[in-house]
2 protein chains.
Amino acid sequence: MAVKDKGTEQLIKDTAKRIFFSEGKLHATTQDIADAAGVNRTLLNYYFRSRDILFEQVATEARQEMSAVLDPVFQAELEFKDKLEKLITVFMDQATKFPFREMYVVTEHNRTSRVIPEEKKTMIKKFLKEISAEMEKGKIRKMDPKQFCINLFALMAYPLITTCLNKSLYSVNDAEYLKLMKDRKKLIFEMIYQ
Amino acid sequence: MAVKDKGTEQLIKDTAKRIFFSEGKLHATTQDIADAAGVNRTLLNYYFRSRDILFEQVATEARQEMSAVLDPVFQAELEFKDKLEKLITVFMDQATKFPFREMYVVTEHNRTSRVIPEEKKTMIKKFLKEISAEMEKGKIRKMDPKQFCINLFALMAYPLITTCLNKSLYSVNDAEYLKLMKDRKKLIFEMIYQ
DNA sequence: TTGTTGTTTGACAAAAATGTTAAACATAAT
DNA sequence: ATTATGTTTAACATTTTTGTCAAACAACAA
């Protein structure tokens with residue numbers, strides 16, 4: 001029997017997150033999740049009433065977990081350089097564990113066109129200002145600061161979403177690809193800063 | 001009634017591609033597709049026998065269309081600089097029309113771990129060699145050429161997948177985002193070359 | 001006209017996925 | 001031992017999605 005330390009409810013959520021965010025099986029059924037968790041499917045209904053509620057809760061927690069990790073970095077009182085390094089480290093560690101979590105949020109956003117809270121937008125605007133300031137200092141190539149942000153997240157997120165495909169395309173094994181991803185932290189920083 | 005010039009069979013495939021690759025509705029049912037095409041759902045079975053066959057055919061054609069557009073550029077006898085510019089133009093035009101086509105191929109690849117044909121790998125190896133040569137010439141920052149490739153596709157593909165989310169996050173409208181994407185062609189080139 | 005072919009439709013059947021219920025079970029408190 | 005509480009299970013019901021089929025239809029040839 002699987003580990004049920006934190007209780008069945010938590011086990012079910014953790015399993016759903018693993019299937020969605022780590023394995024990228026976006027079409028998983030409740031039966032798939034129950035099987036992977038080693039529990040009776042009925043328990044998903046017992047704890048979450050319905051599939052939709054479970055999925056919504058998982059999506060909500062995904063957003064919260066991302067915010068909990070990223071927001072403190074965005075808002076930290078750090079030199080921009082240090083903030084950027086921190087951001088890259090933190091984001092890529094997360095994206096290594098849960099490469100499809102952002103993709104899940106994106107497709108959910110497409111489906112529901114959920115509203116982004118104002119404070120989040122404000123936070124981003126402040127970050128964009130910091131980027132602009134850094135451009136003035138000549139530390140970053142001049143461009144629309146939004147482009148800088150878009151570049152940053154593209155460079156971090158995309159290679160982990162396409163891990164499986166890339167390993168095939170470039171004929172590298174798991175260890176080699178992991179090494180590539182590890183090296184990227186420094187590489188991305190050097191690419192966009194100074 | 002919708003345009004059925006190219007015949008119902010083609011209309012169904014085109015509609016499926018639009019829903020999957022342009023709108024990013026990866027969970028679409030046969031009924032969704034039939035409705036969007038304005039035809040009776042039974043016709044999907046009449047022309048394609050089953051949902052799986054239709055979806056597989058759509059995936060196969062997606063790969064073929066991407067190859068048909070990209071391979072000639074990869075294999076063209078051009079200065080690396082020109083090849084790179086061409087690649088960016090061609091890829092981003094495609095990705096603008098079908099932002100989720102690559103994502104579809106990726107998730108399909110995850111599901112089926114389909115084998116990449118040897119000639120494709122060979123083509124990529126040759127491209128990686130060209131990248132190495134360009135690094136020797138000092139035209140590209142030195143790094144593992146695979147990283148260069150990964151960077152390139154990340155910068156091109158990701159912003160279009162996350163269009164909807166980004167428009168919300170950065171508070172820009174459709175026209176402004178389109179402009180950003182248009183400007184990216186030049187921006188990406190300048191970022192990774194010279 | 002009649003027959004032939006391919007296409008389209010609605011009614012129905014089957015399969016897949018989700019939801020509900022009552023009963024079994026475990027555990028601890030009384 | 002009994003009751004109470006929360007958890008788990010199997011059997012069943014419902015809903016959703018997919019597949020089949022016979023009949024209707026259209027266009028055209030004999």
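Convention: sequence-line order gives letters A, B, ...; per-chain numbering from 1. The figures here come from the full heavy-atom set of this structure, side chains too, leaving out hydrogens, waters and symmetry mates. All values derive from a computational prediction rather than experimental measurement.
Contact annotation for Thr30(A): backbone-only contact, meaning every heavy-atom pair under 4.0 Å involves sugar-phosphate atoms and none involves a base. Within the 4.0 angstrom heavy-atom criterion, base atoms lie near Thr42(B). Nucleic acid contact class of Phe48(A) (heavy atoms, under 4.0 Å, all strands): none.
A straight line from CG of Leu44(B) to P of dT17(D) spans 14 Å, rounded to a whole angstrom. Distance CG (Leu54(B)) to C1' (dT17(D)): 14 Å, rounded to an integer number of Å. We find that OH of Tyr46(A) is positioned 17 Å from P of dA10(D), with the value rounded to whole Å. Nucleotide dA17(C) holds its P atom 9 Å from the CD atom of Gln31(A), rounded to whole Å. Across the protein-nucleic acid pair, Asp52(A) atom CG and dG19(C) atom C1' stand 12 Å apart, rounded to whole Å. In this structure, CZ of Arg41(A) is placed 11 Å from C1' of dC12(D), rounded to the nearest angstrom. Rounded to whole Å, the distance from CZ on Arg51(A) to C1' on dT15(D) is 13 Å. Here the C1' atom of nucleotide dA26(C) and the CG atom of Leu43(A) are 14 Å apart, to the nearest Å.
Using a 4.0 Å cut-off between a side-chain N of Lys or Arg and a carboxylate O of Asp or Glu, Arg101(A) and Glu65(A) qualify as a salt bridge. At a threshold of 4.0 Å, the pair Asp35(A)-Arg41(A) does not count as salt-bridged, since none of the basic side-chain nitrogens sits closer than that to a carboxylate oxygen.
Distance check: Met156(B) CE to Leu152(B) CG gives 4.0 Å after rounding to the nearest 0.5 Å.
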Practice prompt. Could you check Phe189(A) against Tyr193(A) for ring pair (Phe, Tyr, Trp, His ring centres under 6.0 Å), going step by step and ending with a plain yes or no?
Written response: CA-CA 6 Å; Phe189(A) 180 78; Tyr193(A) 194 78; 5.3 Å; yes
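Out of dG19(D), dT20(C), dT18(C), the shortest distance to the side chain of Asn45(A) is found at dT20(C).
Contact between the side-chain N/O atoms of Asn40(A) and the OP1/OP2 oxygens of dT8(D) is not found at any separation under 4.0 Å. Proximity of Tyr47(B) to the phosphate of dT8(C): a side-chain N or O atom is located under 4.0 Å from OP1 or OP2.
In this structure, the helix from dT1(C)-dA30(D) to dT30(C)-dA1(D) shows an angle of 20° between the axis at its start and the axis at its end, each fitted on 5 base pairs and rounded to 10°.
Applying the ring-ring contact (aromatic ring centres under 6.0 Å, His included) test to pairs two or more places apart or on separate chains, those with a residue in residues 37-79 of chain B are Phe20(B)-Phe55(B), Phe74(B)-Phe127(B).
Ser171(B) has its side chain within reach of Lys125(A): a pair of non-hydrogen atoms, C-beta onward, lies under 4.5 Å apart.
Under the side chain to side chain donor-acceptor pair (under 3.5 Å) test applied with Thr60(A), the options Gln57(A), Gln64(A), Glu56(A) reduce to a single match, Glu56(A).
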